[in-house]
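A quick write-up on the structure given underneath.
All chains are named by letter (A, B, ...) in the order of the sequence lines, taking the proteins before the strands, and each is independently numbered beginning at 1. Here the structure is a predicted model, which is why all the values come from computation and not from measurement.
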Amino acid sequence: MIKRVTSPVLLIMFMIVLWEVSTRVLEIPKWILPAPTNILLEAYENWSNYEHHIYATVKLATIGFFASITIGFVIAMILHLLPKWKEALYPLLIVSQNIPIIVLAPLLVIWFGFGITPKLLIIILVCFFPIAVATIDGLKQTSPELIHYMKMAGANKKQIFLKLELPYALPAIFSGLKISATYSVMGAVISEWLGANEGIGVYMTLASSSFRTDRVFVAILFIMLLCFVYFTIILLLERHFLKWRREEHQ
Amino acid sequence: MSTLDIKQVSKQFGDKQILNKLDLEVHEGEFVALLGPSGSGKSTIFHMIGGLFTPDEGSIYIDNKEITGKRGSISYMPQTPSLFPWRTILDNVLLSQEINGKPDKQKAIKMLERAGLIDYQHAFPHQLSGGMRQRVAFVRSLLSPQSFICLDEPFSALDELTRLDMQNWLLSIWEEERPSVLFVTHNIEEAIYLSDRIVVLGEQEKRIIHEQEVPFKRPRKESITLTEEFLASKKNIYKKLRRISHV
């Protein structure tokens, strides 16, 4: 475990040091590329100025993520339980992922105003897909041997789904959740660019238009941190629910 | 208390006749071995008893109640253990009860104890050997609320020595519990060693072509497999299976 953590940490440290040294030696102006120490100093000193932006994004991303889980899951269930719908719906799902968000975002504002609705829609559009696809694939992969046993033992469709297919799909579902968890933060930030009054996206736009490059980096830093926290939470849940699987691989 | 009665059952898949007016009976507390070459329709019989297929003709009764095309009337043990990898051994053996009603943990623990599996009750299937997993699968079928048990070549994937151990283990458990069993196998010795009666499925006739009682008393010992009588039974069945009139 310790070994697994050391190498990425060492690499990141090396890159930060390189960054710091090169900005100083090459005397790069702060508004083009601030040194890591400048960024950290800004993050520390002005915490109270941008604190509320972070809370807003966390709230938006979390609500969006849960909405995406629900919708992704419902879609997966419909497609799994009603194979005929799958033929009709599946191409539509894929097409939904090809719409450029940048184009769609202003349209959503025209349709739904500046409230939370268009923002949530953007997060859902970005996040439901990995969950839905992973869940459908996971459910499909259920061992035919075990399905056969369940049928012979007299299990009904609901029992087969709840006792067999769903637990069987859990590892796949968790892969989907991990991808979506990180996307949800990005989705939230993008949706805030549309026109919000708070959030990391707003803070970022303000910072870049006033050439406060150090603040842009503060925003990036917090986006990364949030992604990391979300990912870790899902990872811990996965470890808890798939304990049998980890032991199997050892 | 359970009996099986299959009456004049026929089944066709496309143009291929699988079973043709098959009759088969298993009496209360009887252990019947169903012998037949692979592809003779043994599994199809099971699938019909299990209600996965409906026969084209004929009917199937359990305890004199018609179950033709109805699922969930038997307790089933497949060829592979088919345990759920995320369930502990205890939760796995409780599965058949969960499907058909309320699980009885006390009974399950008692049965695991008798089967020599109690130390593994909290282990996961992957931590057990192949033979152990098959034992768990058998305990699961014993705990099933349906009392008629169908065993589908349960030891065919095991190596010879493990197989012998498993046969002895199965006998010891079965002789205490005495459920009615239909046991499918393609191993003649296994059929003689375990069962009360052997029925042979004819590949061309698509029905039972031979039936014989097994003369050995219970409880049985491994040594009977080396007696003249055992060999004579084996010869007789072999002849029927290979359609040789005199050896």
Side-chain angles (χ1 to χ4, degrees), chain A residues 69 73 76-77 80-81 83 131 134-178 234-250, chain B residues 43-53 62 67 69-89 91-101 103 122-128 133 136-137 140-141 143-146 148-152 154 157 184:
Chain A
I69 294 176
F73 218 63
M77 223 97 89
H80 178 71
L81 296 174
I131 297 172
T135 309
I136 293 167
D137 283 350
L139 290 172
K140 212 167 51 189
Q141 276 161 14
T142 312
S143 149
E145 204 178 283
L146 297 183
I147 293 185
H148 179 246
Y149 171 77
M150 286 297 271
K151 284 182 178 167
M152 284 296 278
N156 57 33
K157 235 183 158 181
K158 188 179 147 203
Q159 286 171 326
I160 292 178
F161 183 75
L162 289 178
K163 288 189 193 298
L164 174 59
E165 290 174 316
L166 198 59
Y168 210 95
L170 221 50
I173 293 173
F174 270 109
S175 319
L177 286 179
K178 275 188 263 181
I234 304 288
L235 205 69
L236 290 175
L237 284 174
E238 182 184 29
R239 287 214 172 157
H240 176 74
F241 283 109
L242 302 180
K243 212 173 142 203
W244 58 274
R245 203 160 179 255
R246 199 152 39 101
E247 284 175 8
E248 194 175 45
H249 290 309
Q250 271 168 7
Chain B
S43 311
T44 311
I45 297 179
F46 265 11
H47 289 154
M48 285 196 295
I49 303 172
L52 263 57
F53 304 145
I62 293 255
I67 56 139
K70 248 173 56 190
R71 276 200 209 163
S73 314
I74 52 155
S75 154
Y76 173 68
M77 175 177 176
Q79 214 162 347
T80 53
S82 302
L83 302 176
F84 288 20
W86 55 87
R87 281 174 175 250
T88 61
I89 297 309
D91 287 338
N92 258 298
V93 300
L94 283 169
L95 181 68
S96 54
Q97 296 186 346
E98 275 175 38
I99 294 172
N100 299 290
H122 299 303
F124 289 104
H126 65 86
Q127 295 165 309
L128 272 60
R133 269 180 252 175
V136 175
R140 180 178 59 184
S141 63
L143 283 168
S144 179
Q146 302 94 338
F148 191 86
I149 300 183
C150 287
L151 306 176
D152 189 1
V184 166

Given that the side chain runs from C-beta out, which part of [X] has a heavy atom under 4.5 Å from chain A: side chain, backbone, both or neither?
X      : result
L52(B) : side chain
E98(B) : both
L95(B) : side chain

(request) Could you check which of P125(B), G72(B), S141(B), S75(B) has the highest count of heavy-atom pairs closer than 4.5 Å to chain A? (result)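 The option with the most such pairs is G72(B).
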(request) Give the member of Q79(B), K70(B), Q146(B), R140(B) that has the highest number of heavy-atom pairs under 4.5 Å with chain A. (result) R140(B)
(message) Can you confirm whether more than 12 heavy atoms, excluding those of F241(A), are under 6.0 Å from its CZ atom?
(response) no
(request) Side-chain contact test, heavy atoms from C-beta onward, threshold under 4.5 Å: evaluate it for Y149(A) versus S96(B) and give yes or no. (result)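 Contact flag for Y149(A)/S96(B) side chains = yes.
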(message) Which atoms of Y168(A) are under 4.5 Å from chain B, going by heavy atoms: the side chain, the backbone, both sets, or neither?
(response)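 For Y168(A), heavy atoms of backbone and side chain both lie under 4.5 Å from chain B.
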(message) Quick check on L170(A) against chain B: is it the side chain, the backbone, both or neither that has a heavy atom closer than 4.5 Å?
(response)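 For L170(A), there is no contact with chain B at all, as no heavy atom is under 4.5 Å.
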(message) Applying side chain to side chain contact (heavy atoms under 4.5 Å, CB included), can you list everything that pairs with A155(A), at least two apart in sequence or on another chain?
(response) M150(A), Q159(A), I160(A), I99(B)
(message) Ignoring hydrogens, what is the shortest heavy-atom contact between L83(B) and L146(A)? Give both atom names and the distance.
(response)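 Closest pair (atom of L83(B), atom of L146(A), distance): O-CD2, 3.8 Å.
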(request) State yes or no: are the ring centers of Y76(B) and H148(A) separated by less than 6.0 Å? (result) yes
